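Everything below concerns the one structure shown next.
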Amino acid sequence: MNKVFNICLAIETSCDDTSVALVDGSGFVLGLKSQNQDSVHSPFGGVIPELACRNHTMRILPLIDELFAETKISWSQVDGIAVTSKPGLIGSLLVGVTVAKTLAMLHDLPIVGVNHLEGHLHAPLLSDEKYKPFENFTYPFVGLCVSGGHTSLYSVKAFGKYLLLGRTVDDAAGEAFDKFGKILGLGYPAGAKIDLLAKAGNSKAYSFPKSFMKKDDLQFSFSGLKTAGSLKIKELGSALTETVKADLCASYQEAIAEVLVEKTLRALKKTGLKRAVITGGVSANSRLRELATEEFSKAGVEFLIPPMRYCTDNAAMIGIVGIKRLQRGENDSLTLHPESFMKISELG
Ligand code: KG4
Ligand code: ZN
């Protein structure tokens with residue numbers, strides 16, 4: 001008889017968020033504990049891999065202890081361990097994978113390595129006391145994964161069956177937010193700060209390039225926007241008042257949101273699908289959420305976007321993929337090793 005997988009411990013350390021979660025077989029999040037390292041990396045204007053790795057090492061075991069204490073779940077109730085094994089910063093991934101393997105050995109549990117992007121694509125399908133996806137929302141759907149490292153559109157045909165429809169040929173949308181914010185002096189990461197400043201700004205004040213909108217494919221490009229943003233900031237120089245900053249942020253953010261929504265609409269048209277998800281750190285952006293909700297509703301598209309806690313890197317999204325894998329009888333051996341890169345063909 002197949003073993004029933006009721007509860008999975010999940011670990012995510014692919015970049016600079018240390019996150020652990022307990023997820024049940026339906027994707028319900030029993031507990032999630034995350035700690036970001038923004039204050040560690042902010043003075044450097046970007047993630048310093050060695051510092052990320054060291055901070056994961058210091059925080060991961062205490063976070064797991066806190067997770068078990070808060071959920072009142074014991075190790076004897078856990079049926080398996082899921083861990084992000086790719087892609088990401090190799091030192092960061094190594095901490096999560098080593099901890100997962102050690103715990104699997106100690107507690108005699110199966111282990112499964114999860115692709116970080118596959119996790120993001122499933123984040124909108126998680127549920128908890130406060131969030132539930134639409135009851136009949138299921139595969140197939142179009143998934144836009146938009147984060148600090150990725151901007152990719154997928155046709156998610158079924159669990160484990162992904163077709164890459166398009167991706168960025170240069171920078172990710174999150175990187176475009178972060179670099180622009182850095183030049184504006186907003187620190188790192190800057191996406192959420194730009195979002196906040198933009199609320200007081202006029203999105204029509206400045207015109208920023210929306211790349212590849214005339215191209216008939218589903219590729220993205222944000223490097224031109226990044227350059228235009230930095231040139232505009234230099235040109236404004238001492239005229240950069242708080243009001244001007246707010247207008248700049250609103251206009252820059254609008255250009256990104258419009259491209260992301262438009263390309264997702266095109267992907268829906270191309271695939272004939274009527275369901276979509278937008279996920280990844282940038283999906284926390286309030287203008288993107290608003291525009292997508294508006295446009296997809298007009299187009300009659302059923303649309304899911306995860307609540308904030310599941311937008312940025314978190315272990316719950318790794319848990320839902322991990323437990324599905326375990327339920328299908330798939331697991332990895334204790335020789336599982338982290339991989340910094342993934343082949344494009346791997347997820348699509
Ligand atoms: O998914 P994530 O936590 O990590 C990666 O896998 O990259 O995404 C982090 C990215 C950063 O670039 C951050 O600036 C961006 O998500 N981000 C946002 C917002 N919140 C986070 N970008 C725009 N608006 C936001 N509210
Ligand atoms: Zn991510």
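This is a predicted model, so every value here is computed, not measured. Starting from 1, each residue takes its place in the sequence as its number. Indexing begins at 1, ligand by ligand and atom by atom, following the structure's order.
Taking atom 20 (N) of ligand 1 as the reference point, the nearest protein heavy-atom neighbour is Gly281 O, 3.6 Å. Protein heavy atom at the shortest distance from atom 10 (C) of ligand 1 is Gly148 N, 3.5 Å. In terms of protein heavy-atom proximity, atom 13 (C) of ligand 1 is nearest to Asp178 OD1, 3.8 Å. Shortest contact from atom 22 (N) of ligand 1 to any protein heavy atom: Gly191 CA, 3.4 Å. Summary of contacts: the protein heavy atom closest to atom 24 (N) of ligand 1 is Asn285 ND2, 3.1 Å. The protein atom (non-hydrogen) at minimum distance from atom 3 (O) of ligand 1 is Asp313 N, 2.9 Å. Among protein heavy atoms, the minimum distance from atom 26 (N) of ligand 1 is reached at Asp195 OD2, 2.9 Å.
No donor-acceptor pair closer than 3.5 Å links the side chain of Gln219 to the backbone N or O of Ser221. Judged by distance alone, with hydrogens and angles left aside, the side-chain atoms of Asp171 form no donor-acceptor pair with the main-chain N or O of Glu175 at under 3.5 Å. In this structure, Ser251 contributes its side chain and Asn202 its backbone to a donor-acceptor pair below 3.5 Å. Checked by atom type and distance alone, the side chain of Thr57 pairs as donor or acceptor with a backbone atom of Cys53 at under 3.5 Å.
Taking every heavy atom of His120 and a limit of under 4.0 angstrom, the matching atoms of ligand 1 come to 1 (O), 6 (O). Each of the atoms 14 (O) of ligand 1 lies under 4.0 Å from some heavy atom of Pro189. Every atom of ligand 1 is numbered from 1 in the order shown, and the set under 4.0 Å from a heavy atom of Thr312 is 3 (O). Those atoms of ligand 1 with a heavy atom of Gly174 less than 4.0 angstrom away are 12 (O). Residue contact check: Phe177 has heavy atoms under 4.0 Å from atoms 22 (N), 23 (C) of ligand 1. Taking a cut-off of under 4.0 Å to the non-hydrogen atoms of Gly149, the atoms of ligand 1 that pass are 7 (O). Those atoms of ligand 1 with a heavy atom of His116 less than 4.0 angstrom away are 6 (O).
Among the atoms of Cys145, no N, O or S atom is found under 2.8 Å from the Zn ion (ligand 2). Taking 2.8 Å as the criterion, His116 counts as a coordinating residue of the Zn ion (ligand 2), since one of its N, O or S atoms falls below it.
Taking the Zn ion (ligand 2) as reference, Asp313 places its N/O/S atom OD1 nearest.
Residues His56 and Asp17 have side chains that never bring a donor and an acceptor to within less than 3.5 angstrom of each other. Looking only at atom types and distance, the side chain of Ser19 has a donor-acceptor partner in the side chain of Ser34 under 3.5 Å away.
The shortest separation from a heavy atom of Cys15 to ligand 1 is not under 4.0 Å, leaving the residue out of contact. Taking a 4.0 Å cut-off on heavy atoms, Gln253 fails to register as neighbouring ligand 1.
Taking every heavy atom of both residues into account, Leu9 and Trp75 meet most closely at CD2-CH2, 3.5 Å.
With Leu153 as the partner, the side-chain contact (heavy atoms from CB on, under 4.5 Å) test is satisfied by one option alone out of Thr271, Ile278, Thr264: Thr264.
Contacts of His150 with ligand 1, taken as heavy-atom pairs under 4.0 Å, are absent altogether.
Between Arg266 and Glu262, at least one side-chain nitrogen of the basic residue sits less than 4.0 Å from a carboxylate oxygen of the acidic one, meeting the salt-bridge criterion. Salt-bridge annotation for Asp128 and Arg309: present, with a side-chain N of the basic residue lying under 4.0 Å from a carboxylate O of the acidic one. Using a cut-off of 4.0 Å between Lys/Arg side-chain N and Asp/Glu carboxylate O, Arg287 and Glu258 are scored as not salt-bridged. The existence of a salt bridge linking Arg325 and Glu118 is confirmed by a sub-4.0 Å separation between a basic side-chain nitrogen and an acidic carboxylate oxygen.
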